[in-house]
Amino acid sequence: MSKDQFKQLFADKAAQAFKATFPEAYAATGEKEVFDARFILEHLEKPKDPSMGRFAFPVFRYAKLLSAKPPDIAAGVVEETNRLLGDDADCTAAAVSGFINVSVDPSELASLTLGNVLSRESHYGDSDFGQNRKYLIEYCSANIAKPYGVGHLRSTIIGNSLRRVYKKLGFEVIGINYLGDWGTQFGKMIVAYRMWGEKVNLEKDAVKQLLELYVRFHDEAKKDPTLDEEARQAFKQLEDGESEAVQLWERLKTISLAELDRIHNMLGVEFDIITGESSVNDKMEPLVERLQKAGLTEISRGALVVPLDDPNLPPCMLKKGDGATLYATRDLAGLVYRWQTYHFYESLYVVGTAQSDYFKQIFKVVSMLEEAENVPETDRMTGRAKHIDFGWVLFEGETMAMRTGKVIFLEDVIDRAVALAREKILEKNPSLDAIDATAHKIGVGAVIFSQFSVRRHKAVNFDWDEVLSFEGETGPYLQYTHARLCSLLRHYGQDITSKIDAALLDNVEERRVVELLADFPEIIEDAARTYDPHVIAAYLLRLAAALNKFYQRKDEKGRIDKIISDNQALSAVRMALVKSVQTVLCEGLYLLGMEAPEEM
RNA sequence: GCCCCCGUAGCUCAGUUGGAUAGAGCAUCGGUUUCCUAAACCGAGGGCCGCAGGUUCGAUUCCUGCCGGGGGUACCA
């Protein structure tokens with residue numbers, strides 16, 4: 001997938017060099033593929049220290065095959081590779097113990113990279129890999145009639161970012177908010193509303209009041225278990241279409257949708273489709289019949305289930321003893337429907353790790369169904385639907401649960417972050433024009449970025465101090481760096497051109513920034529491959545740190561080496577670098593779902 | 001009991017499909033601003049990479065076991 005021309009060039013030459021340097025061993029070996037350019041290209045790695053080279057290839061694995069010591073192999077291959085590359089090549093190899101380190105001519109890399117970024121602008125890093133392929137991404141998936149807790153933030157933020165990442169790689173992406181608007185929980189809400197709902201004022205803070213009803217229901221149900229039974233009956237009434245229950249449901253749904261919309265506008269989160277579990281109501285029965293016809297179902301303890309041929313998974317339940325459907329029934333119906341409708345390349349479910357067994361069940365049922373029906377290989381969706389799981393958000397070491405009312409509302413988090421950002425602006429830059437709008441971008445940015453500071457799988461402890469921190473490895477740090485560059489560009493006032501003398505970028509700070517800029521396209525592919533925007537977040541921190549280092553570098557006399565100086569040619573090339581970093585920071589922040597203010 | 005995730009500096013975490021001296025931020029201490037935005041930069045201290053085996057030329061990374069934390073384990077979602 002990598003299009004790095006230097007890597008490709010080196011891999012080709014090194015492959016030839018191996019064969020030329022060790023002809024007998026190559027002829028004798030049964031493992032010819034490890035001498036192919038393709039193999040070498042795939043096994044290139046990044047040296048620990050950038051000063052050792054742009055990329056490296058370890059040759060230890062050849063020691064046994066060639067009956068030679070790694071340093072000798074490296075030295076021999078390096079000599080031949082450099083000969084093949086020729087004197088005026090832009091990259092040169094060097095043998096360091098068992099490694100072949102390859103350096104790329106810095107000014108060549110600089111003029112190529114800056115030329116690329118300046119000409120493609122926000123499209124730098126775009127790819128056509130995804131052409132004619134579709135991605136479905138389901139995220140947020142909040143439950144109707146419950147407030148937006150920080151627990152849903154992770155799914156929403158990760159999904160929103162992945163949507164942008166896959167679009168950048170050329171896929172057609174459909175972001176779906178598949179709301180929890182069906183199920184026994186609605187039975188609970190209906191019962192609670194019938195009993196205590198007359199006091200609820202739905203005009204104001206409706207969702208928080210609904211939460212109180214929900215919590216109260218759970219409290220009372222502990223004392224009086226018949227309430228749970230009543231809730232199940234109420235849900236059955238809803239599924240049977242009884243008008244009183246349906247009306248109540250519609251009302252709760254309208255309130256909740258407006259609330260969700262409001263929060264997502266605050267966050268800048270986008271969806272292509274907003275739907276819900278209730279939308280698959282008419283698709284469940286055909287699916288159940290299909291599974292029955294395939295001979296996969298059985299009645300167990302009064303319920304309709306699909307036994308799975310995996311000893312570690314319980315059967316997948318399709319219908320409860322009372323005939324009502326479950327989450328799995330709806331998800332399966334939805335998945336099959338989506339496959340038929342979109343023939344997606346992949347379909348991602350951005351849902352917490354707590355449901356990983358559940359998704360294994362769902363995907364298992366699908367593969368068993370396709371197997372039983374002998375679906376042609378090319379028409380199978382098995383392996384294309386994936387659970388993108390993430391660690392749970394804990395608060396003070398405990399899980400947050402709506403049921404117990406132990407919840408932090410997302411809106412409160414955003415409000416506090418924005419207020420703090422506003423304070424900070426008043427303190428640092430009170431003459432700023434759009435203080436409120438900027439404070440919003442920064443506060444929201446801090447909240448969003450906090451979700452990317454940790455790898456997906458790790459459970460995160462919600463920490464007010466951490467989310468409200470604007471220093472160090474934070475969203476506002478990236479935004480600040482971006483704003484600083486914008487300020488420089490305004491100050492410079494001249495056109496940025498790629499007609500520059502890249503050789504003037506001759507100090508390590510500048511070269512490091514160039515190298516990082518050149519890495520951006522690969523970083524996006526990494527994020528896509530691992531389904532984790534954290535990769536981009538970590539990269540942007542490296543880029544911003546390198547930039548700030550360059551920005552504040554000192555000359556031999558200990559004075560700040562200014563970017564804009566009397567030296568016109570030097571200023572021009574440095575400003576081309578500045579413009580390139582600003583472009584990549586802006587685009588990177590966009591991919592994370594954040595805004596990049598020009599002043600702050 | 002069984003299954004999944006996690007265990008790295010005082011704290012929060014990085015560490016690319018195994019690779020060259022294990023890195024950041026926060027916190028602590030000490031520096032940098034006649035100001036191209038100090039929300040920044042520089043420096044210092046701080047590590048049996050949970051424990052024990054195994055595979056390998058090489059293991060923080062892969063495998064097995066154990067310990068510790070979290071989650072899941074059919075009529076919730």
Side-chain angles (χ1 to χ4, degrees), chain A residues 42-43 45-49 52 56 58 60-61 63-64 69-70 96-99 101 141 143 180 182-185 188 228 232 277 300-305 310-317 319-322 324 326-328 330-331 351-358 360-361 389-392 394 397-399 403 421 424-425 427-429 442 453-455 457-461 463 465-466 469-474 476-477 479-481 483-484 486-492 522-523 526 529-530 534-535 538 541-542 544-545 548-549 551-554 558 560 562-565 578 599-600:
Chain A
E42 279 172 8
H43 290 82
E45 40 192 68
K46 210 151 239 170
K48 267 276 172 272
D49 184 338
M52 293 191 280
F60 303 97
R61 74 179 80 246
K64 215 172 257 175
K69 288 178 183 166
V96 179
S97 62
F99 292 89
N101 291 342
S141 309
N143 289 318
W182 209 246
T184 309
Q185 52 166 341
K188 293 177 182 175
D228 281 324
R232 274 192 285 272
E277 291 178 53
S300 168
R301 299 180 215 171
L304 184 69
V305 304
D310 181 332
N312 293 323
L313 292 177
C316 180
M317 189 175 292
K319 282 187 180 179
K320 300 193 275 191
D322 63 2
L326 290 105
Y327 190 43
R330 296 186 280 279
D331 250 356
V351 180
T353 187
Q355 289 177 52
S356 62
D357 277 358
Y358 165 76
K360 277 185 201 156
Q361 287 180 293
D389 61 332
F390 54 85
W392 215 234
L394 307 173
E398 285 183 58
T399 53
R403 257 176 282 200
K424 211 119 191 176
I425 293 171
E427 170 196 327
K428 311 225 176 218
N429 193 4
I442 297 168
S453 59
V454 183
R455 221 165 70 243
H457 293 96
K458 219 157 181 156
V460 291
N461 209 1
D463 186 323
D465 292 340
E466 226 164 87
S469 159
F470 296 168
E471 283 163 28
E473 297 177 326
T474 64
Y477 169 69
Q479 292 171 318
Y480 171 74
T481 305
R484 217 181 195 190
C486 289
S487 167
L488 259 182
L489 288 162
R490 284 192 300 271
H491 187 80
Y492 183 58
E522 261 182 60
I523 293 293
D526 282 353
R529 203 186 58 245
T530 56
H534 162 260
V535 174
L541 288 173
R542 285 198 297 277
N548 281 315
K549 201 163 181 166
Y551 186 97
Q552 275 167 250
R553 83 178 286 270
K554 292 181 177 169
I560 294 285
K562 288 198 174 184
I563 291 169
I564 301 170
S565 67
V578 164
E599 283 181 84
M600 63 187 267

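Sequence lines set the chain letters: A, B, ... in the order given, protein chains first and strands last, and positions in each chain run from 1.
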* **Rounded distance [0.5 Å steps], CD in A:Glu473 versus CZ in A:Arg542** => 11.0 Å

* To do: Enter the distance from A:Gln355:CD to A:Gln361:CD here, rounded to the nearest 0.5 Å.
  => 11.0 Å

When the [atom1] atoms of [M] and [N] are compared, how many Å lie between them, rounded to an integer?
{"N": "B:rC11", "M": "B:rG47", "atom1": "C1'", "value": "14 Å"}
{"N": "B:rU60", "M": "B:rA27", "atom1": "C1'", "value": "25 Å"}
{"N": "B:rG10", "M": "B:rC49", "atom1": "P", "value": "12 Å"}
{"N": "B:rU16", "M": "B:rC62", "atom1": "P", "value": "9 Å"}
{"N": "B:rC67", "M": "B:rA52", "atom1": "P", "value": "15 Å"}
{"N": "B:rA77", "M": "B:rG72", "atom1": "P", "value": "15 Å"}
{"N": "B:rA20", "M": "B:rU28", "atom1": "C1'", "value": "33 Å"}
{"N": "B:rU61", "M": "B:rC6", "atom1": "P", "value": "13 Å"}

With heavy atoms under 4.0 Å as the rule, sort [X] into base, sugar-phosphate or nothing.
{"X": "A:Ser453", "answer": "sugar-phosphate"}
{"X": "A:Tyr551", "answer": "base"}
{"X": "A:Glu277", "answer": "sugar-phosphate"}
{"X": "A:Lys360", "answer": "sugar-phosphate"}
{"X": "A:Ala354", "answer": "sugar-phosphate"}
{"X": "A:Gln479", "answer": "nothing"}
{"X": "A:Ala324", "answer": "nothing"}
{"X": "A:Asn548", "answer": "sugar-phosphate"}
{"X": "A:Asp228", "answer": "nothing"}
{"X": "A:Ile425", "answer": "base"}
{"X": "A:Ile560", "answer": "base"}
{"X": "A:Arg232", "answer": "sugar-phosphate"}
{"X": "A:Pro47", "answer": "base"}

* Intermediate values then yes/no, side-chain contact (heavy atoms from CB on, under 4.5 Å), A:Asp389 and A:His457 -> CA-CA 7 Å; A:Asp389 61 332; A:His457 293 96; 3.3 Å; yes

* Evaluate whether the aromatic ring of A:Phe60 and the six-membered ring of the B:rG19 base sit under 5.5 Å apart, centre to centre, with an inclination under 30°. => yes

* Asked: Stacking between A:Trp392 and the base of B:rG71 (centre distance under 5.5 Å, interplanar angle under 30°)?
  -> no

Spacing of [X] atom [atom1] relative to [N] atom [atom2], expressed in whole Å:
{"X": "A:Lys549", "N": "B:rA38", "atom1": "NZ", "atom2": "P", "result": "18 Å"}
{"X": "A:Arg61", "N": "B:rC57", "atom1": "CZ", "atom2": "P", "result": "12 Å"}
{"X": "A:Leu313", "N": "B:rU73", "atom1": "CG", "atom2": "C1'", "result": "10 Å"}
{"X": "A:Asp389", "N": "B:rC3", "atom1": "CG", "atom2": "P", "result": "18 Å"}

* From the list B:rA74, B:rA77, B:rA14, which nucleotide is the closest neighbour of the side chain of A:Val454? -> B:rA14

* B:rC2, B:rA77, B:rU73: which one has an atom nearest the side-chain heavy atoms of A:Asn312? -> B:rC2

Would you check if [X] and [Y] make a side-chain contact, meaning some heavy-atom pair closer than 4.5 Å?
{"X": "A:Leu541", "Y": "A:Tyr477", "value": "yes"}
{"X": "A:Asp331", "Y": "A:Tyr358", "value": "yes"}
{"X": "A:Arg484", "Y": "A:Asn548", "value": "yes"}

When you measure only distances, ignoring hydrogens and angles, does the side chain of [X] come within 3.5 Å of the base of [N] through a donor and an acceptor?
{"X": "A:Thr481", "N": "B:rA40", "answer": "no"}
{"X": "A:Gln185", "N": "B:rA77", "answer": "no"}
{"X": "A:Arg455", "N": "B:rA14", "answer": "no"}
{"X": "A:Asp357", "N": "B:rA74", "answer": "no"}

Does [N] pair with anything, Watson-Crick or G-U wobble, both distances under 3.5 Å, and if so, with which nucleotide?
{"N": "B:rC29", "value": "B:rG43"}
{"N": "B:rA9", "value": "none"}
{"N": "B:rU16", "value": "none"}
{"N": "B:rG1", "value": "B:rU73"}
{"N": "B:rC36", "value": "none"}
{"N": "B:rC62", "value": "B:rG54"}

So does [X] get a side-chain nitrogen or oxygen closer than 4.0 Å to the phosphate oxygens (OP1/OP2) of [N]?
{"X": "A:Tyr477", "N": "B:rC41", "result": "yes"}
{"X": "A:Lys562", "N": "B:rC36", "result": "yes"}
{"X": "A:Lys64", "N": "B:rC57", "result": "yes"}

* **Position toward the 5' end of RNA chain B (nearest nucleotide), A:Lys48 or A:Ser565** => A:Lys48

* 5' priority, RNA chain B, between A:Gly180 and A:Lys458 [closest heavy atom] -> A:Lys458

* Asked: Between A:Ser565 and A:Lys562, is there a donor-acceptor pair closer than 3.5 Å when you use the side chain of the first and the backbone of the second?
  -> no

* To do: Give a yes or no answer on whether the side chain of A:Glu277 reaches the backbone of A:Tyr327 with a donor-acceptor pair at less than 3.5 Å.
  => no

* Begin with the C-alpha distance, continue with both residues' side-chain angles, and end with the deciding distance and a verdict on side-chain contact (heavy atoms from CB on, under 4.5 Å) for A:Glu45 and A:Phe99. => CA-CA 10 Å; A:Glu45 40 192 68; A:Phe99 292 89; 4.1 Å; yes

